[in-house]
Amino acid sequence: MKVGIIGAGAVGSACALALVMRGSAREVVLVDRTRERARAVATDMRYGAPLSPLVDIRDGDFSDLAGAALVMVTAGVNEKAGGAIDRSDAAGRLKLLDINRGIYESLIPRLVEAASDAVILVVTDPPDPLADIARGLAHHDRVLSTGTYLDSLRFRVHLAGRLGVSPASVDAMVLGEHGTSQVYLWSSARVGGCPVLDALAKHDLTIDDFRRSIERDVRYANIAIIEGNNASQYGIGMVSARIAEIVLRDERAVIPIGCYNPDYGVTLSLPAIVGRRGVLRVLEPAMSPDERQALQGSADTLRSALAHVGGATAERQDSGGQTPRVPSAASDAGQSASCS
């Protein structure tokens with residue numbers, strides 16, 4: 001029941017806090033390039049930890065990740081620092097890929113050397129192509145992206161607010177990229193078992209305007225938060241803690257999460273069964289023709305982004321067949337702040 005976190009910036013600290021508050025793991029190790037920061041964050045939380053289920057949180061080095069079941073990677077340049085907060089820029093978070101790729105190339109080999117059996121959870125933006133890069137560096141497939149899990153929750157929250165119901169009563173998903181090309185599954189969205197689009201008709205709402213408004217609010221939720229608070233960390237911290245619970249407890253829960261999908265040739269989000277070894281099986285839900293086309297477009301966007309930074313996948317052979325590997329380039333960059 002041990003979880004590691006690489007990066008003790010805004011997002012890494014939020015992940016740690018959520019793990020402690022929820023009692024998600026018995027042991028949490030914070031690793032940061034500035035050891036004093038990791039120590040300060042861990043110490044601060046340790047003083048409040050007696051109010052939560054028993055959790056031991058401490059700072060450490062890469063070697064202290066040994067035995068971790070899951071390691072979250074949050075280190076990297078965030079959206080505000082990387083200039084990825086322009087709503088009119090279709091690239092969105094993908095603008096951060098080039099610089100954060102270099103950071104991952106310096107971190108992932110050290111992570112794998114210390115915790116070779118751990119599931120790697122990529123939290124840094126953009127998480128989907130960075131997960132592809134991490135897979136190539138790790139030489140295994142136990143690499144997840146937080147993907148559109150948070151986007152799906154945002155979708156549910158905004159739908160619930162407009163319809164005047166609890167988000168727990170809304171079943172709706174966002175798939176594809178955690179970014180501007182994400183796909184909203186309106187065709188299967190339900191509230192209390194009733195199709196959301198049917199519920200809208202009963203509220204005398206214009207469906208096209210409603211859809212555009214909801215999608216805009218969800219797609220740019222991170223920017224709206226950053227404009228008010230400089231970083232968007234708490235939601236992704238809670239989502240990351242929940243993913244850790246699912247892995248550590250081998251829950252076999254079905255959530256929208258990013259993993260490599262050979263049908264699309266990249267890491268993107270679809271509902272998947274998640275357990276101790278990561279994604280066990282991907283489920284492809286029913287989609288309208290427009291939604292399916294949009295999902296393919298999202299995959300194309302992610303492939304193009306990887307190719308643009310020289311991350312076009314090369315093939316490697318393992319026991320499961322051919323899976324992509326991303327060639328590495330030397331870098332000693334590293335920062336500890338990432339937003340979602």
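In this text the structure is predicted, and so the values were computed from the model without any measurement.
- Annotation: Arg249, atom CZ; neighbour count of heavy atoms from other residues, nucleotides and ligands within 6.0 Å is above 12.
- A cation-pi arrangement is found for Arg162 relative to Phe210, the charged atom lying closer than 6.0 Å to the ring centre and inside a 45° cone about the ring normal.
- Contact annotation: the side chain of Leu185 never approaches that of Val174 to less than 4.5 Å [non-hydrogen atoms, C-beta and beyond].
- A donor-acceptor pair is defined here as one N or O able to donate and one able to accept, closer than 3.5 Å; no such pair exists between the side chain of Ser145 and the backbone of Cys259.
- In this structure the side chain of Arg26 reaches within 4.5 angstrom of the side chain of Leu54, judged on heavy atoms.
- Side-chain contact between Asp61 and Arg35: present, with at least one pair of heavy atoms (C-beta onward) separated by less than 4.5 Å.
- Here the CE-CG distance, from Met173 to Asp151, works out to 13.0 Å after rounding to the nearest 0.5 Å.
- Annotation: cation-pi geometry satisfied between Arg135 and Tyr260 (NZ/CZ under 6.0 angstrom from ring centroid, within 45° of ring axis).
- Among Ile5, Thr146, Ile6, the one residue that satisfies the side-chain contact (heavy atoms from CB on, under 4.5 Å) test with Val123 is Thr146.
- Ion pair Arg212/Asp209 flagged as a salt bridge, since at least one NZ, NE, NH1 or NH2 atom sits closer than 4.0 Å to an Asp/Glu carboxylate oxygen.
- Of the possible donor and acceptor atoms, none in the side chain of Glu251 sits under 3.5 Å from a partner among the backbone N and O of Val274.
- Taking 4.5 Å as the limit, some side-chain heavy atom of Leu175 sits within range of a side-chain heavy atom of Pro271.
- Side chain of Tyr220 to backbone of Arg87: a donor-acceptor contact under 3.5 angstrom is found.
- Rounded to the nearest 0.5 angstrom, Ile255 CD1 and Leu283 CG are separated by 11.5 Å.
- Side-chain N/O atoms of Asp128 and Thr267 include no donor and acceptor closer than 3.5 Å.
- Under a 3.5 Å cut-off, the side chain of Arg58 and the backbone N or O of Glu27 do not form any donor-acceptor pair.
- Residues Glu177 and Ser298 bring no donor and acceptor atom of their side chains to less than 3.5 Å of each other.
- With a 4.5 Å cut-off on side-chain heavy atoms, Leu306 and Asp132 count as touching.
- Atom CD1 of residue Ile226 and atom CG of residue Asn78 lie 7.0 Å apart, to the nearest 0.5 angstrom.
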For this session: Could you walk me through whether Val170 and Arg190 pass side chain to side chain contact (heavy atoms under 4.5 Å, CB included), step by step?
Result: CA-CA 6 Å; Val170 177; Arg190 298 286 188 274; over 6 Å; no
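- Remark: the backbone N or O of Asp300 is not paired with any side-chain donor or acceptor of Ser304 at under 3.5 angstrom.
- Between Ile214 atom CD1 and Leu163 atom CG the span is 7.5 Å, to the nearest 0.5 Å.
- Here the side chain of Arg142 pairs no donor or acceptor atom with the backbone of Gly278 at under 3.5 angstrom.
- Judged by distance alone, with hydrogens and angles left aside, the side-chain atoms of Thr124 form a donor-acceptor pair with the main-chain N or O of Ala75 at under 3.5 Å.
- Taking 4.0 Å as the cut-off between side-chain N and carboxylate O, Asp250 and Arg276 do not count as a salt-bridged pair.
- Salt bridge present: Asp32 and Arg37 bring a charged side-chain N and a carboxylate O closer than 4.0 Å.
- Classification of Glu284 and Arg292 as a salt-bridged pair holds, one side-chain N sitting under 4.0 Å from a carboxylate O.
- Between the Arg154 side chain and the Val218 main chain, no donor and acceptor come within less than 3.5 Å of each other.
- Leu144 is not listed as a side-chain neighbour of Val122, based on a closest heavy-atom distance of 4.5 Å or more.
- Atom CD of Gln293 sits in a sparse spot, with 12 or fewer heavy atoms from other residues, nucleotides or ligands closer than 6.0 Å.
- A donor-acceptor pair is defined here as one N or O able to donate and one able to accept, closer than 3.5 Å; such a pair exists between the side chain of Ser152 and the backbone of Thr148.
- Under the side-chain hydrogen bond (donor to acceptor under 3.5 Å, both in side chains) criterion, Ser52 pairs with no residue at all, not counting sequence neighbours.
- Sorted by first and then second residue, the side-chain hydrogen bond (donor to acceptor under 3.5 Å, both in side chains) pairs with a member in residues 11-21 form an empty list; sequence neighbours excluded.
- A donor-acceptor contact shorter than 3.5 Å links the side chain of Ser166 to the backbone of Ala168.
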Exercise. Can you check salt bridge (charged side-chain N to carboxylate O under 4.0 Å, His left out) on Glu105 and Arg110, steps first, answer last?
Worked result: CA-CA 9 Å; Glu105 286 169 341; Arg110 299 178 68 189; over 6 Å; no
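- Of all the heavy atoms in Ile57 and Ala42, the pair that sits closest is CG2-O, 3.8 Å.
- Atom CG of Leu17 and atom CD of Gln233 lie 10.0 Å apart (nearest 0.5 Å).
- Val55 approaches Gly23 most closely through the heavy-atom pair CG2-CA, 3.9 Å.
- Across Phe62 and Leu111, no two heavy atoms sit closer than the pair CD2-N, 3.8 Å.
- Using a 4.5 Å heavy-atom threshold, the side chains of Arg242 and Tyr149 count as touching.
- No more than 12 heavy atoms of other residues, nucleotides or ligands shown are found within 6.0 angstrom of OH on Tyr234.
- Rounded to the nearest 0.5 angstrom, Leu268 CG and Arg303 CZ are separated by 9.0 Å.
- Counting heavy atoms from C-beta on, the side chains of Met287 and Leu295 come closer than 4.5 Å.
- Of all the heavy atoms in Leu94 and Pro129, the pair that sits closest is CD2-CG, 3.9 Å.
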